[in-house]
Amino acid sequence: MNDQTGRAWVFGDNVDTDQLAPGIYIKRPIAELARHCLEGLAPDFASSVSPGDCVVAGKNFGAGSSREQAAEALRHLGVKAIIAQSFGGIFYRNAINFGLLPLICADASSIGNGDILRIDASSGEVFNLTREQNYQAEAIPAHLLQIINAGGLLPYLETRLGVKTKND
Amino acid sequence: MGQTLAEKIIARAAGREHVRPGEIVTCSVDLAMMHDSGGPRRIKPVLEKLGAKVWDADKVVVITDHFVPAVDVQSAEILNLTREWVVAQGIENFYDMQGICHVVLPERGHLLPGMFVVGGDSHSPTGGAFGCFMFGVGATDMAGIVATGETWIKVPETISIDWSGKMPRGTCAKDIMLKLCASLGMDGGDYQVIQYSGNVISSFDMAERMTLCNMAAELGAQTGIVAADNTTLDFIENTIGARPEAQNWHGDADASYRKTLRFDAGALIPQVAAPHSPANAAGVDEQASAKITQAYIGACTGAKLNDLQMAAEVLAGRQIARDIRLLIAPASVRELAQATKDGTLGILLAAGATLLPSGCGACAGYGAGVLGEGDVCIASTARNFQGRMGSKSARVYLGSPYTVAASAIAGEICDPRPFLDGGVL
Ligand code: SF4
């Protein structure tokens with residue numbers, strides 16, 4: 001997924017897992033749960049976000065519980081990357097496990113809602129095409145990019161274990 | 001530059017000499033623990049899809065505690081699926097209805113200093129009390145771990161928290177944790193490691209250290225840890241009949257910490273957290289006189305033998321208020337047997353307590369003792385999120401076993417200190 005372009009959806013600090021995957025819908029199928037993703041902050045987000053778009057946020061994105069659906073809902077909506085100043089620790093794990101690209105970027109606050117961004121996943125460079133600015137996010141190590149590129153931990157393991165069996 | 005205890009354990013598990021915070025490394029997992037709720041019922045379909053088996057049956061521990069004993073057909077089926085799966089996978093470390101996973105795991109000698117352990121539950125940091133690096137993961141992570149025996153980790157920084165001085169009578173590890181939740185907030189741990197030290201921690205027994213590490217989860221830390229000392233090694237020796245090798249599982253003198261916070265134990269008073277967050281904690285006097293309808297001594301956090309003994313100290317020779325119920329769900333079957341033997345249980349029952357099965361029970365609203373509309377409960381558990389113990393309109397306060405017991409006698413939230421040492425009431 002190197003070099004992808006998408007629109008930025010900008011949020012503030014401490015966006016929590018209840019805002020991403022509201023508890024009252026947690027037992028519903030992911031397609032239904034995802035319709036309520038971030039509805040408290042941006043009611044049109046779930047209906048308007050397009051595949052390849054990015055979520056941009058401040059500090060501690062994905063704070064709160066360990067529920068995996070917080071990451072799964074974003075992936076279901078087609079979000080590819082999250083650019084934030086920092087992430088909640090369990091969410092960061094879950095994001096990678098579900099094939100999202102979580103980029104830690106000190107300059108996230110320079111990005112405006114609706115800006116068009118191009119991201120180079122392997123170098124962590126973010127190009128803001130709207131503002132003609134470049135930001136450097138912390139690069140994700142190659143072996144984690146493999147998980148993300150595979151679409152998450154399970155698809156990654158399917159390939160890896162499958163290959164293993166063939167070689168045995 | 002030296003390394004902290006957590007960094008040393010991670011480096012060892014990653015097959016490296018050194019790791020530094022922020023690095024992402026892949027570690028071999030020494031042990032994976034799962035329970036009936038997040039375990040086989042979630043893992044089995046994934047492994048089937050991958051065509052994989054558990055990587056090493058001897059390194060997997062499965063414990064039923066969330067849905068025990070079955071209260072409906074669905075719970076019974078989850079438990080049966082768990083039982084069948086461990087047989088199919090050849091997992092011998094299976095403890096069926098023996099108590100809550102975080103307490104049963106060390107009780108059966110599975111934790112040794114220096115181990116790198118994952119648990120399929122958010123209170124997995126409890127294991128850090130034994131000088132291991134143990135943290136909680138979600139079901140997908142766990143499925144990947146049992147399929148491969150490894151996982152990646154972003155090396156956390158360590159926050160050092162020091163409690164020194166003399167703990168006042170009537171206070172305990174639970175009060176320390178509620179105080180920390182109030183001072184640092186539920187994200188104060190920032191997914192880093194909290195290492196507890198100071199003369200108070202050294203004087204604590206393993207049960208109290210487990211309470212400290214358990215509630216590192218409420219501080220938002222990845223885990224809590226206490227470096228092993230003679231108390232740790234004695235406990236393990238008593239459990240497995242052999243003293244673990246006295247390896248040097250301690251932080252280096254020149255290790256660097258994100259920060260060091262120091263607290264004076266002498267100034268601590270019993271803490272109570274108001275609904276609906278552990279971070280709403282304050283001195284008991286601020287909540288005193290709130291009427292309750294239920295008192296609950298339960299959970300991995302607050303129903304170990306020493307927690308039951310604290311409650312018994314307060315309840316000895318007294319009766320609970322007529323218009324409330326006191327429910328006690330001992331953390332494990334072994335702890336219950338001990339409490340029966342040493343007279344603790346007799347004191348609790350004579351005071352009017354109701355004994356419930358050992359398991360998660362009402363803590364997360366799964367088993368007996370859930371709350372109805374308008375109920376007000378004080379509990380020795382770790383979390384008082386809205387709706388967790390039952391009805392959304394129920395209100396849950398958190399306190400130490402001393403405070404829960406005193407409140408059960410008074411029928412309202414109450415300072416336990418006057419009840420101790422022959423206090424008149
Ligand atoms: S007792 Fe409560 S906190 Fe502990 S593992 Fe069970 S549900 Fe979780």
Side-chain angles (χ1 to χ4, degrees), chain A residues 13-18 21 23-24 26 59-72 75 86-99 102 104 138-148 150-166 168, chain B residues 22-26 38 42-43 45-53 55 118-124 135-148 150-157 185-193 217-223 277 383 385-388 392:
Chain A
D13 291 341
N14 294 311
V15 172
D16 65 43
T17 49
D18 269 291
I24 43 169
I26 205 78
K59 295 196 184 83
N60 205 18
F61 185 86
S65 86
S66 62
R67 65 182 66 153
E68 294 180 335
Q69 291 95 329
E72 200 181 358
R75 184 186 69 174
S86 66
F87 289 89
I90 300 185
F91 177 84
Y92 185 83
R93 286 190 78 88
N94 291 339
I96 290 172
N97 286 341
F98 279 89
I104 298 171
E138 286 178 27
I140 304 248
H143 70 286
L144 291 192
L145 272 183
Q146 281 177 12
I147 298 178
I148 294 169
L153 183 64
L154 295 181
Y156 169 75
L157 287 177
E158 262 174 69
T159 330
R160 200 184 114 180
L161 297 176
V163 168
K164 236 188 200 169
T165 324
K166 273 182 219 144
D168 274 349
Chain B
E23 256 187 295
I24 293 179
V25 294
T26 297
R42 306 279 305 275
I43 307 296
V46 178
L47 288 188
E48 280 167 3
K49 192 154 175 259
L50 295 175
K53 280 194 92 177
W55 95 103
V118 292
D121 186 272
S122 65
H123 283 102
S124 300
F135 64 107
V137 295
T140 303
D141 252 333
M142 183 54 90
I145 288 164
V146 297
T148 62
E150 52 182 49
T151 192
W152 63 271
I153 183 172
K154 185 167 185 196
V155 182
E157 290 183 274
M186 289 197 70
D187 57 358
D190 195 23
Y191 210 59
Q192 311 301 315
V193 179
E218 275 57 51
L219 294 173
Q222 181 170 20
T223 191
S277 166
R383 285 182 183 155
F385 299 158
Q386 188 166 21
R388 178 173 167 89
K392 268 206 153 158

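The sequence lines fix the lettering, A, B, ..., with proteins before strands; numbering per chain opens at 1. For the numbers below, each heavy atom of this structure counts, side chains included, while hydrogens, waters and symmetry mates do not.
Using a 4.5 Å cut-off between heavy atoms, A/Ile104 touches chain B through its side chain atoms alone. Only the side chain of B/Phe135 comes within contact range of chain A, with heavy atoms under 4.5 Å apart. Both the backbone and the side chain of A/Leu157 come within contact range of chain B, with heavy atoms under 4.5 Å apart. For chain A, the nearby parts of B/Asp141 are the backbone and the side chain; heavy atoms of each come within less than 4.5 Å. Only the side chain of A/Phe98 comes within contact range of chain B, with heavy atoms under 4.5 Å apart.
Annotation: side chain of A/Phe61 is in contact with side chain of A/Val15 (closest heavy-atom distance under 4.5 Å). Contact annotation: the side chain of B/Asp190 never approaches that of B/Glu157 to less than 4.5 Å [non-hydrogen atoms, C-beta and beyond]. For the pair A/Ile96 and A/Pro102, the minimum side-chain heavy-atom distance is below 4.5 Å.
Your options are B/Gly220, B/Ala139, B/Ala143, and the one with the most heavy-atom pairs under 4.5 Å with chain A is B/Ala139.
A donor-acceptor pair shorter than 3.5 Å can be found between the side chains of B/Thr151 and A/Arg93.
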(request) Could you go through the side-chain contact (heavy atoms from CB on, under 4.5 Å) check for B/Met142 and B/Val46 one step at a time? (result) CA-CA 10 Å; B/Met142 183 54 90; B/Val46 178; over 6 Å; no
